[in-house]
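Everything on this sheet refers to the single structure shown next.
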Number of protein chains: 2
Amino acid sequence: MSHTYEYPRPALTVDCVVFGMDEGDLKVLLIQRGVEPFVGKWALPGGFVRMEESLEDAARRELAEEAGIRPSHLEQLYTFGEPSRDPRGRVVTVAYFALVKLSDHNVVHAATDAREAAWFSVWDTPKLAFDHSDVLATALQRLKGKVRYQPIGFELLPPKFTLTQLQRLYEVILERELDKRNFRKKILSMDLLEELDEVEQDVSHRAARLYRFDHKKYKQLEKAGFNFEL
Amino acid sequence: MSHTYEYPRPALTVDCVVFGMDEGDLKVLLIQRGVEPFVGKWALPGGFVRMEESLEDAARRELAEEAGIRPSHLEQLYTFGEPSRDPRGRVVTVAYFALVKLSDHNVVHAATDAREAAWFSVWDTPKLAFDHSDVLATALQRLKGKVRYQPIGFELLPPKFTLTQLQRLYEVILERELDKRNFRKKILSMDLLEELDEVEQDVSHRAARLYRFDHKKYKQLEKAGFNFEL
DNA sequence: GCAAAAGTGTTGCGAGTACACCCATGC
DNA sequence: GCATGGGTGTACTCGCAACACTTTTGC
């Protein structure tokens, strides 16, 4: 055991920005804090990293514990380590970025340890604890950038979706309107969507055809040098 | 002081991948380790984060201490935290990505603490300590991706450079040849280069005109919604 | 029959790519 | 005078953006 171990160390946490799409509204999962500091304030789900788990495992564990959520996409976002970011002392946090299908039974059970969990529109969140507003802003930026050149948007939709749903998703994330015909042309020409023999139900107008994203085909095309774009 | 502080914590380090461009060869800075583990092996410069400094400050400090280098570009790359990545125990490292102008007096003094520092071609490095090969690979990927949509390539060149130098830089990083006329047309049309009334010296052929990258103009255009691309 | 959303093609423009020759300089 | 790299313009292609009307369904 080396001498380096005798120096004081920053504490290490993970925090997760979990996005979900609810009927054309982009939501983020927040937890109401039950302990000091910032008791009662809303914050990103997260917690301390244990000695024997990887960072990603820690993120998954916290999400399961605090909200009963198993994200369909999870990636590391950024590490925040300003000395003053936590009033308790030096705490460095590795932020993760997650996408979930709200359709799944990801209906957010109340958390294990008496805190509350809830979905907020990303355009209208309360003031957050710590530097979590910065973390959220960074995550939004990442989502906006990445959705255009990687097909991660599908992780926010139910397995079967209409093209209009897909278009709305892009419009909300990119914060601009898209042309219906051009959008359909582009996305269908990539040949990544499986056209199903089903239509949406219970709508009071012409029912739209349902599609499924073909993960396998995408992996194949990707290996062959194909690049998803918008 | 909360109970959370009584749990054991991972140690926290920073490691830096520093790139330099040497006459058409892309180089990375490595340090020969002077202490266990991996004594004598080559590794990325780095070290433990102190309690009172930010992560970026830690990266800058280590670069100054170990190699006397002050990078012209420094950004966070990725955080590596597999429990088994360090034989001494749990060590999480925040990797940084740096670019330096080799022309500057960044000639790598021998390091402070008896270790040696040297530049290696990125295509021909020795086996590295820890998971530093993964870190290097991640950094190369980032450089390759980022150089196309952000004008960071200039941080690898001397303040005054020729268009051919610039083109070689892109060719080396992107690992493909570019067309001279198209390259010049594109880069000049962005109006980011200041055409100087000077030419390169001491070449045994027609001397090329020198240019300078206009950082100020770029910042302005960026604010106005301009996007650099290739 | 009316409201509401689904579905469907064509055209013009601009950006990217491919491509070859003469010029200036040092030796 | 020859070797070495510097410097320059055009034509074709393809992808992107703009744009409006008919169809289906529920009420």
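Please read all numbers here as calculations on a predicted model, not as lab measurements. Just so it is clear: chains get the letters A, B, ... in the order the sequence lines come, proteins before strands, and each one is counted from 1.
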| query | Looking at B:Glu23 and B:Arg168, does any basic side-chain N land under 4.0 Å from a carboxylate oxygen? | reply | no
| Distance in angstrom units between B:Arg209 CZ and D:dG7 P, rounded | 8 Å
| Which word best sums up how the rings of B:Phe213 and B:His215 line up, parallel for under 30°, tilted for 30 to 60°, or perpendicular for over 60°? | perpendicular
| query | Are any of the side-chain nitrogens in B:Lys160 or B:Glu198 under 4.0 Å away from the carboxylate oxygens of its partner? | reply | yes
| task | Using a cut-off of strictly less than 4.0 Å between a heavy atom of the residue and any atom of DNA chain C, enumerate the qualifying residues of residues 171-187 of chain B by number. | result | B:Asp179, B:Arg181, B:Asn182, B:Lys185, B:Lys186
| So, for B:Tyr211 and B:Phe161, is the gap between ring centers shorter than 6.0 Å? | no
| Rounded to whole angstroms, how far apart are CD on A:Gln167 and P on C:dG7? | 12 Å
| Going by an N to O cut-off under 4.0 Å, is there a salt bridge joining B:Lys101 and B:Glu155? | yes
| request: Answer with yes or no after comparing the ring centroid distance for B:Phe80 and B:Tyr78 against a 6.0 Å cut-off, counting only values under it. | output: yes
| query | Under 4.0 angstrom, heavy atoms only, what part of the nucleic acid is B:Thr164 near: base, sugar-phosphate, or nothing? | reply | sugar-phosphate
| said: Can you classify the ring geometry of A:Phe228 versus A:Phe154 as parallel (below 30°), tilted (30 to 60°) or perpendicular (above 60°)? | reply: perpendicular
| Roughly, in whole Å, what's the span from CD in B:Glu200 to P in C:dG26? | 11 Å
| remark: Across all chains, not counting sequence neighbours, the side-chain contact (heavy atoms from CB on, under 4.5 Å) partners of A:Asp191 are A:Lys217
| field | B:Ala208 side chain, from C-beta outward: closest of D:dG26, C:dA5, D:dG7 | value | D:dG7
| task | Determine, stepwise, if the pair B:Ser121 / B:Asp124 fulfils side-chain hydrogen bond (donor to acceptor under 3.5 Å, both in side chains). | result | CA-CA 5 Å; B:Ser121 168; B:Asp124 184 27; over 6 Å; no
| Whole-Å gap separating P (D:dT24) and CG (A:Asp202) | 21 Å
| said: Tell me which residues in residues 222-230 of chain A lie within less than 4.0 Å of DNA chain C, going by non-hydrogen atoms. | reply: none
| note | Rounded to whole Å, the CG-P distance (B:Leu210 to D:dG6) equals 11 Å
| request: Could you pick out which residue, B:Arg206 or A:Arg206, lies toward the 5' side of DNA chain D when each is mapped onto its nearest nucleotide? | output: B:Arg206
